[in-house]
Undergrad: 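Dumping the structure here so I can ask a few things about it.
All values below were derived from every heavy atom in this structure, side-chain atoms included, with hydrogens, water molecules and symmetry-related copies excluded. Numbered from 1 within each chain, the chains take letters A, B, ... in sequence-line order.
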Amino acid sequence: MDKSEKLALTLSGMLLVIFFGAIMYASVAQNIEVPTCITDMEPFATDTLFQTGPDTYELQMVSRMWAFQPSTVRLPVGSTVDLYVTSQDIIHGFKIDRKNVNLMAIPGAINYMRVTFNEPGEYLYACHEFCGAAHHTMAGRFIIEEGIDEPEVEGDAL
Amino acid sequence: MMENYSFRFSKSSKNLNSVLLIIPMVLLFIGVYGGFMQTLFRAGIIQSDPFVGGDYYKGLTFHGVLNAIVFTTFFAVALGNALIPYSLKKHLNSKIAWTSGILMLVGSVLAAIVILIGEATVLYTFYPPLKAHPLFYIGLTLLVVGSWVASYNWVPMYLEWRKENKGEKTPLAVVGMFTTFIIWFIASLAVAVEILFMLLPWSLGLVDEINVMLARTLFWFFGHPLVYFWLLPAYVMYYSFMPKIAGGKLYSDMAGRLVFMMFILFSIPVGTHHQYMDPAIGSQWKLLHGIFTFAVALPSLITAFTLAASLEHAGRKRGGKGLFGWMWKLPYFDKEKWFFPYLILGLIIFIFGGIGGIINASYQMNTVIHNTAWVPGHFHLTVAGPVLLAFLGGSLYLIGQFMNKGIKFKGWAMISPYVYTIGLFIMSYGLKIGGLKGMPRRTNTGASYANPDSILYQPDWIFYIDLSVIGGSIMFVGIIMYLVSFFGTVFAKSESSEEGALVTFPISEPLHDEPSTWLRNFKPFIIIAIILIVLSYAPVIYDVIQNTYGGSLPYSPNSPVPLR
Ligand code: HEM
Ligand SMILES: [Cu+2]
Ligand SMILES: [Cu+2]
């Protein structure tokens, strides 16, 4: 190997190490994580939303061909949601627009992520995995508003 | 010494290789047509396919399968069938070669038929519990097995050559082709297990239920190395053809060998980076696969350096001066060197493809882009960019050689990759930025998000969807220009009446040629690769089995009620 080649190799290696360092920084110092195994949750087949603290909620979301249940979730500004997602039939995908939540909804498994809504507004969640003929119609939204007392859901199993 | 050396292929292998190039070119045309229609669907311009019939997702299935699985596999086999006999000066066993070719043809045609009649709308990833017709799985199996048979055919030739040429370095092109197929073989074992033990019996009704996460994990064991199976034949052409075509030499022979061996090590234990957003897999194992993914970026960075250095050498030999002057001396618009644009444009596109790949691989950052339109925006800059262009250039070169024909419409052949590249940048920009704005992939936006009458209408996305129509149309025109030259050549009058084919390849000589003895043997690298695979996949498979419950019945894409 000649000198310039060795230099290129070293610099490439260093570049990758820096990138990797950034990932570790985000993971350890900022606690930004990807989904992991969920072992403490019973499988669920219907959706539920309940309050677990002053500003905290637990939402169990069910995806099926071709709707999310619930399809609309209304919450006050400042809510933190423990979000569990699963599928009743085939694979779906769940991503909340403008939020770092992106979860595969897979039958036979439960996926989890925590999300906080500090800004009022509408947050679309569109199914992003092909789930059959009407996949492109499968979507829902979080509506985050000031001054909501009771959280509301629409489009649940009942 | 390598200067203009030619090798005579027998009539039988010459015919086989021509078939292996022409049939997939027809299938590629169908696939690319599907891509163009998709852009129209997504903008709401069409609601069903005007020629083939059917919806967006049927088109998306044949687009992905024909372009990314069928066309690429055929070309990799044809390139091996050409370069290995040529470089080793040995004849193919044409019985075995034909067996492999027929398996691949039958398999691809079967799969294509069931997709086109609408019985396998499961996309090219065929995730259960969506179920395809059993012939879809059988067709894909035959295609893969056929490609295995082709590569077994090369092994005795190589072993014999090594015996006769003790102490000599294996030609770099041969190392590259074997690397390609070693990775392909190990990777496709997983998908073979998925298909033969899970999907096929389940789709035939022999077993009722399937573990979806397990099938998906086996698919991605295969799915990431699949991208190297696409990329490596292009690398073989970059390393062995491009410097010579540019009028120079390969900067470093050892770099090429190191790169190929690194791909053997790190191509496979990385597949979980496609499952960062999946449940039932511990995030620590996802991170481990992420680390290996960074390791497998290294050989591509070395390649960028080596190829740029080779081109600089060529540019300076052609009279280029100064720091960047050499860049303008390369044969970008030389009709006689029509092959060069296919390679150089691919490399330029790959700068963006590579950056995108590193972003996708970056663990948490994947949250932003996973399954958004960013992803097809990204991989059209890899598989439908450098890989496609190198394979198109290679196909045209090979068909000219094997059919003893001069290339027809050379001007069209030379311009086509430029047209395609312009379209590609426009389409990918549209998809990528649309994706960052939240647009999902694999989605017929024309029927909802891009329709002003729908409650789901997303005005923010329209501009980017329209960009992909413009870019996609230009790409389609580029491909048509290419096909004019390709089929013009196929149907032209042959320039000689001889039986076999006298074939010549532009094989580059190395500028720096080191003994690199430690890179001469595949064995230690394969062994380390297997150890890495076991270490990285054992915990993932364990997690998947431990953390999933129940099994899944099969579904058709048309109904929310299971099929049984
Ligand atoms: C005229 C040329 C092409 C156009 C206009 C085009 C366009 C598209 C579009 C619009 C999508 C769909 C995005 C989505 O809904 O997620 C797509 C997907 C895809 N394309 Fe292309 N494409 C072209 C050529 C190619 C080529 C040459 C290849 C491979 C060699 C390729 C491989 C793929 C694959 C693998 C997918 C993903 C399918 C899936 O998500 O299941 N495309 N293409
Ligand atoms: Cu869907
Ligand atoms: Cu990958």
Undergrad: Would a 4.5 Å heavy-atom cut-off, applied to side chains only, mark I23(A) and L287(B) as touching?
TA: yes
Undergrad: Contact between L16(A) and L301(B) at the side-chain level, heavy atoms closer than 4.5 Å - yes or no?
TA: yes
Undergrad: Can you check whether F305(B) reaches S4(A) side chain to side chain, under 4.5 Å on heavy atoms?
TA: yes
Undergrad: Looking only at heavy atoms and a cut-off of under 4.5 Å, which of A26(A), G132(A), A109(A) has the most pairs with chain B?
TA: A109(A)
Undergrad: Below 4.5 Å, heavy-atom pairs only: which of S559(B), P562(B), A304(B) has the largest tally toward chain A?
TA: S559(B)
Undergrad: Sort by residue number and list every member of residues 49-62 of chain A having a non-hydrogen atom under 4.5 Å from chain B.
TA: none
Undergrad: Given that the side chain runs from C-beta out, which part of T121(B) has a heavy atom under 4.5 Å from chain A: side chain, backbone, both or neither?
TA: both
Undergrad: Is a donor on one side and an acceptor on the other found under 3.5 Å between the side chain of T36(A) and the backbone of S283(B)?
TA: yes
Undergrad: Please determine, among G282(B), A297(B), G550(B), the option with the most heavy-atom pairs under 4.5 Å with chain A.
TA: G282(B)
Undergrad: For chain A, which candidate among S516(B), A280(B), P128(B), G290(B) shows the most heavy-atom pairs at distances under 4.5 Å?
TA: A280(B)
Undergrad: Who wins among R216(B), K58(B), M365(B), M213(B) for the most heavy-atom pairs under 4.5 Å with chain A?
TA: R216(B)
Undergrad: For L298(B) and S12(A), work out which heavy atoms get closest and say how close.
TA: CD1-CB, 3.6 Å
Undergrad: Where do E5(A) and A255(B) come nearest, in terms of heavy atoms and distance?
TA: OE2-CB, 3.2 Å
Undergrad: Determine which pairs satisfy salt bridge (charged side-chain N to carboxylate O under 4.0 Å, His left out) with at least one residue from residues 117-138 of chain A, sequence neighbours left out, and list them in order.
TA: E122(A)-R141(A), E129(A)-R442(B)
Undergrad: Do the side-chain N and O atoms of E33(A) and Y363(B) include a donor-acceptor pair separated by under 3.5 angstrom?
TA: yes
Undergrad: Taking N371(B) for the side chain and G93(A) for the main chain, is one N or O donor matched with an acceptor at less than 3.5 Å?
TA: no
Undergrad: Using distance alone, with no hydrogens and no angle criterion, decide if Y449(B) and T137(A) have a side-chain donor and acceptor under 3.5 Å apart.
TA: no
Undergrad: Please flag which part of T125(B) lies under 4.5 Å from any non-hydrogen atom of chain A: side chain, backbone, both or neither.
TA: neither
Undergrad: What closest approach, in Å, do Q88(A) and Y555(B) show between heavy atoms, and which atom pair accounts for it?
TA: O-OH, 3.9 Å
Undergrad: Verify, without hydrogens or angle tests, whether K95(A) (side chain) and M439(B) (backbone) share a donor-acceptor contact under 3.5 angstrom.
TA: no
Undergrad: Looking at H128(A), H135(A), H136(A), which one forms a side-chain hydrogen bond (donor to acceptor under 3.5 Å, both in side chains) with T443(B)?
TA: H135(A)
Undergrad: Should we say atom CZ of R98(A) is surrounded by more than 12 heavy atoms from elsewhere, each under 6.0 Å from it?
TA: yes
Undergrad: If I compare all heavy atoms of V34(A) with all of Y276(B), which pair ends up nearest, and what's the gap?
TA: CB-O, 3.7 Å
Undergrad: If you count heavy-atom pairs under 4.5 Å between each of I302(B), N366(B), L456(B), T445(B) and chain A, which one has the most?
TA: L456(B)
Undergrad: Counting only non-hydrogen atoms closer than 4.5 Å, does D97(A) touch chain B with its backbone (N, CA, C, O), its side chain (CB onward), both, or neither?
TA: side chain
Undergrad: So which of M254(B), Q284(B), Q458(B) has the biggest tally of heavy-atom pairs under 4.5 Å with chain A?
TA: Q458(B)
Undergrad: Side chain, backbone, both or neither: which part of Q275(B) has an atom under 4.5 Å from a heavy atom of chain A?
TA: neither
Undergrad: Is any side-chain heavy atom of C127(A) closer than 4.5 Å to a side-chain heavy atom of P440(B)?
TA: no
Undergrad: Where on L124(A) is there a heavy atom nearer than 4.5 Å to chain B: the side chain, the backbone, both, or neither?
TA: side chain
Undergrad: So which part of Y56(B) gets closer than 4.5 Å to some heavy atom of chain A, the side chain, the backbone, both or neither?
TA: neither
Undergrad: Using non-hydrogen atoms and a 4.5 Å limit, figure out which bit of M24(A) sits close to chain B: side chain, backbone, both or neither.
TA: side chain
Undergrad: Could you check if a side-chain atom of V101(A) sits within less than 4.5 angstrom of a side-chain atom of T367(B), using non-hydrogen atoms only?
TA: no
Undergrad: Would you mind checking which part of S27(A) comes under 4.5 Å of any heavy atom in chain B, side chain (CB onward), backbone (N, CA, C, O), both or neither?
TA: both
Undergrad: Measure distances from H370(B) to the heavy atoms of chain A and classify the residue's part below 4.5 Å as side chain, backbone, both or neither.
TA: both
Undergrad: Nearest 0.5 Å, what's the CG-CD1 distance between L15(A) and I358(B)?
TA: 6.5 Å
Undergrad: Relative to chain B, which of F19(A), W66(A), Y112(A) shows the most heavy atom pairs under 4.5 Å?
TA: W66(A)
